[in-house]
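This report refers to the structure that appears directly beneath it.
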Amino acid sequence: MKLVVVSAGLSVPSSTRLLADRLAAAVGRQTPVDVQIVELRELAVEIAQNLTNGFPGRALAAAIDAVTGADGLIVVTPVFSASYSGLFKSFFDVIDKDALAGTPVLIAASGGTARHSMVLDHALRPLFAHLKAAVVPTGVYAASEDWGAEGLDGRIRRAAGELAGLMNGQSAAKPVRNDLDVVPFAEQLAALRGTG
């Protein structure tokens with residue numbers, strides 16, 4: 001399966017990219033995936049040109065194809081002015097509004113203070129609901145003080161499990177457990193009826 005990670009970090013190194021990498025690795029521990037990273041910082045000029053002329057450059061077109069062809073997405077933005085970055089929003093503005101319909105998406109953000117954690121539910125979740133994506137229940141926000149602290153790893157594991165579950169066609173409402181065998185419903189029903 002193809003997992004595409006969209007990182008809107010602007011600096012190098014970037015805490016946004018670090019969070020993106022940790023999320024992708026956690027999904028990879030849940031289900032086999034081929035990971036492709038889309039660094040929006042490298043596409044900034046082409047995104048701006050696309051907004052003004054309506055035509056994506058070669059690198060932007062490849063990024064759009066990767067995102068719209070993904071089996072699952074991880075999207076991570078830094079928080080600017082209590083919302084996602086303009087670069088992040090501009091990238092998703094140049095994608096057709098129906099291209100992500102039904103695509104499983106894990107939303108995440110990084111910021112300097114925990115006070116901005118509501119960006120997940122007040123900015124990112126509505127954006128991807130508008131794009132008709134299937135957003136996993138657990139979003140991951142990482143403030144400066146979260147790095148190395150308890151709690152972040154658990155949120156990453158939970159969100160990664162939910163995304164892996166959606167990518168594998170399971171309900172996101174149930175936590176993914178690696179220690180259980182999954183038996184298809186038809187087989188369970190046949191066993192109950194004694195016809196299996």
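Heavy-atom minimum distance, Pro126 versus Ala123: CD-O, 3.4 Å. The shortest non-hydrogen separation linking Ala109 to Leu124 is CB-CD1, 4.2 Å. Closest approach of Leu120 to Gly139, counting heavy atoms only: CD1-C, 3.7 Å. Closest of all the heavy-atom pairs between Ala82 and Val119 is O-CG2, 4.1 Å. Between Val136 and Ala159, the shortest heavy-atom contact is CG2-O, 4.4 Å. Taking every heavy atom of both residues into account, Ser7 and Ala20 meet most closely at CB-CB, 4.4 Å.
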side-chain contact (heavy atoms from CB on, under 4.5 Å), that's the test. Do Ser85 and Leu10 meet it? Break it down for me.
CA-CA 10 Å; Ser85 72; Leu10 298 178; 5.7 Å; no
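Residues Val12 and Arg41 are in side-chain contact: their nearest non-hydrogen atoms beyond the backbone lie under 4.5 Å apart. No side-chain heavy atom of Val6 sits under 4.5 Å from any side-chain heavy atom of Val76. Two residues are said to be in side-chain contact when any heavy atoms from C-beta on lie closer than 4.5 Å; Met1 and Thr31 meet this criterion. Using a 4.5 Å cut-off on side-chain heavy atoms (C-beta onward), Val38 and Leu40 make contact. Within the 4.5 Å cutoff, the side chain of Val75 has no heavy atoms near those of the Tyr84 side chain. When side chains are defined from C-beta on, Val35 counts as touching Ile37, because their heavy atoms get closer than 4.5 Å.
Under 4.0 Å is where a charged nitrogen must lie from a carboxylate oxygen, and between Arg157 and Asp153 no such pair does.
Listed by chain and residue number, nothing satisfies the ring-ring contact (aromatic ring centres under 6.0 Å, His included) test with Phe91 (two or more places apart in sequence, or in another chain). With sequence neighbours left out, Tyr141 forms a ring-ring contact (aromatic ring centres under 6.0 Å, His included) with no residue at all.
Val140 and Trp147 fall within a single hydrophobic cluster, where Ile, Leu, Val, Met, Phe, Trp and Tyr are joined by side-chain heavy atoms under 4.5 Å apart, directly or via other members. Note: the hydrophobic cluster containing Phe80 also contains Leu51 (ILVMFWY, side chain heavy atoms under 4.5 Å, direct or indirect links).
To the nearest 0.5 Å, atom NE2 of residue His122 and atom OG of residue Ser117 are 9.0 Å apart. In this structure, CG on Leu19 lies 6.5 Å from CG on Leu152, to the nearest 0.5 angstrom. Distance check, rounded to the nearest 0.5 Å: OG of Ser83 to CG of Leu127 gives 9.0 Å. Between the CD1 atom in Ile47 and the NZ atom in Lys89 there is a gap of 12.5 Å [rounded to 0.5 Å]. Atoms CE and CZ, on Met118 and Arg125 in that order, are 10.5 Å from each other to the nearest 0.5 Å. To the nearest 0.5 angstrom, Arg17 atom CZ is 14.0 Å from Arg22 atom CZ.
For Phe128 and Phe92, the ring centers are positioned less than 6.0 Å apart.
Without hydrogens or angle criteria, Arg158 side chain to Pro137 main chain gives no donor-acceptor distance under 3.5 Å. The backbone N or O of Glu46 sits nowhere less than 3.5 Å from a side-chain atom of Asn50 that would complete a donor-acceptor pair.
Here the options are Leu106, Asp34, Leu163, the test is side-chain contact (heavy atoms from CB on, under 4.5 Å), and the partner is Leu3; only Leu163 passes.
In summary, the side chains of Ser110 and Thr16 do present a donor paired with an acceptor at a separation below 3.5 Å, with no hydrogens or angles considered.
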For residues 58-74, which side-chain donor-acceptor pairs fall under 3.5 Å, sequence neighbours excluded?
{"unit_1": "Thr68", "atom_1": "OG1", "unit_2": "Ile64", "atom_2": "O", "d": "2.8"}
{"unit_1": "Thr68", "atom_1": "OG1", "unit_2": "Asp65", "atom_2": "O", "d": "3.4"}
{"unit_1": "Asp71", "atom_1": "OD2", "unit_2": "Lys2", "atom_2": "N", "d": "2.7"}

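Within 6.0 Å of the NZ atom in Lys132, the count of heavy atoms belonging to other residues, nucleotides or ligands exceeds 12.
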